[in-house]
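Values below: all heavy atoms of this structure, side chains included; hydrogens, waters and symmetry mates excluded. Everything numeric here is computed off the predicted structure, so don't read it as measured data.
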Amino acid sequence: MTSENPESAGKGKPERYSSTALCGALREALRENANPDKAPGMQAYMKSEMPYLGVQTPALKAVCRKVFAARPIEAQKHWLDAILAIWRNADYREERYAAIRLGEHPAYEDFRTLAALPCYEEMIVDGAWWDYVDAIAPRLVGGLLTRYPEEMKGVMLEWAHSSDIWKRRTSIICQLKFKDATDVDLLQACIEPSIDHTEFFLRKAIAWALREYAKTDPEVVITYITENAHRLSRFSKKEALRLLIRSGRIDAVP
């Protein structure tokens, strides 16, 4: 692991990577932007055991841009180590949001290979809540599915049958941003193990995935829901078809 470059100090140049420096700078910057008045409400809304600093999204994005730009990472291993160091040592929820942002940082596109999947999986399973998973699934796992479709299809089908509901949710919503590139067979196969599950976050995932794809091909979604109306929950059907009903495309939930 390389150390910070002393020649860059005070000259406005990016520092070389140091895990300790990166984590320390991030923690300091987030605390400088804390809003104690907002923190309790944010924690209550998310039903989080981990406290918040009260750093709202625009400020969080600005902090991450500044800190990450000042401390570039030159090797994939160091990038993964940094993500997990921030994640595992977090005292506040915003620090974990920052770990996810480091994972999706544009500068590290080439690092987002299958070697990153165990890191994403750890955050999904350990985080075990919708705010983390709903960022990681479409933005990170979905990216791997685009880049490595054959390998990732197998992983997503395995996760679809997992005893962990958050891995199941990931498999269902990982294609949210795919539009006409959506693998419909894979989407339906990932829904299948959870189609009649009573867990709210799985029902919500099914509804969300179908509603998003309905913007691209409403007929496929209408047909799928009609054929599986007896198995899908009322909630999933209603939420999946909400925009189509509102637009008058269909009259009612099957």
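Residues Met123 and Ile83 meet the side-chain proximity criterion, which asks for heavy atoms closer than 4.5 Å. The side-chain heavy atoms of Ile250 and Ile222, taken from C-beta on, include a pair separated by under 4.5 Å. Residues Tyr97 and Thr57 have side chains not in contact (no heavy-atom distance under 4.5 Å, counting atoms from C-beta outward). Counting heavy atoms from C-beta on, the side chains of Pro51 and Arg93 never come closer than 4.5 Å. Between Glu212 and Lys215, the closest side-chain pair of non-hydrogen atoms falls below 4.5 Å. Looking at heavy atoms from C-beta onward, Tyr224 lies out of side-chain contact with Val184 at the 4.5 angstrom threshold.
The residues Asp134 and Arg169 are annotated as salt-bridged, a charged nitrogen and a carboxylate oxygen being separated by less than 4.0 angstrom. Salt-bridge annotation for Arg249 and Glu219: present, with a side-chain N of the basic residue lying under 4.0 Å from a carboxylate O of the acidic one. Checked for salt-bridge contact, Glu192 and Arg231 meet the test: a charged N lies under 4.0 Å from a carboxylate O. With respect to the salt-bridge test (charged N to carboxylate O, under 4.0 angstrom), the residues Glu109 and Arg147 qualify. Between Lys153 and Glu150 there is a salt bridge, since at least one side-chain N of the basic residue sits less than 4.0 Å from a carboxylate O of the acidic one.
When ring centroids are compared, Tyr132 and Trp166 stay outside the 6.0 Å threshold. Checked against the 6.0 Å centroid threshold, Phe235 and Phe200 count as a close aromatic pair.
Side-chain contact annotation: Glu199 with Ser194, donor-acceptor N/O pair under 3.5 Å absent. No side-chain donor from either of Thr223 and Thr226 sits under 3.5 Å from a side-chain acceptor of the other.
Both Met50 and Ile124 sit in one connected hydrophobic cluster of ILVMFWY residues. Membership requires side-chain heavy atoms under 4.5 Å apart, directly or through other members. Residues Leu243 and Leu176 fall into different hydrophobic clusters, defined by Ile, Leu, Val, Met, Phe, Trp and Tyr side chains chained together at heavy-atom separations under 4.5 Å.
Minimum heavy-atom separation, Ala137 to Ile173: CB-CG1, 3.6 Å. Between Glu239 and Arg211, the shortest heavy-atom contact is O-NH1, 3.0 Å.
Residue Glu151 qualifies as enclosed at atom CD: its count of foreign heavy atoms under 6.0 Å is above 12.
With Arg168 contributing its side chain and Pro193 its backbone, the two residues share a donor-acceptor pair below 3.5 Å.
Ring-plane geometry between Trp79 and Tyr120 is classed as perpendicular, the angle between the planes exceeding 60 degrees on a 0 to 90 degree scale with a lower cut at 30.
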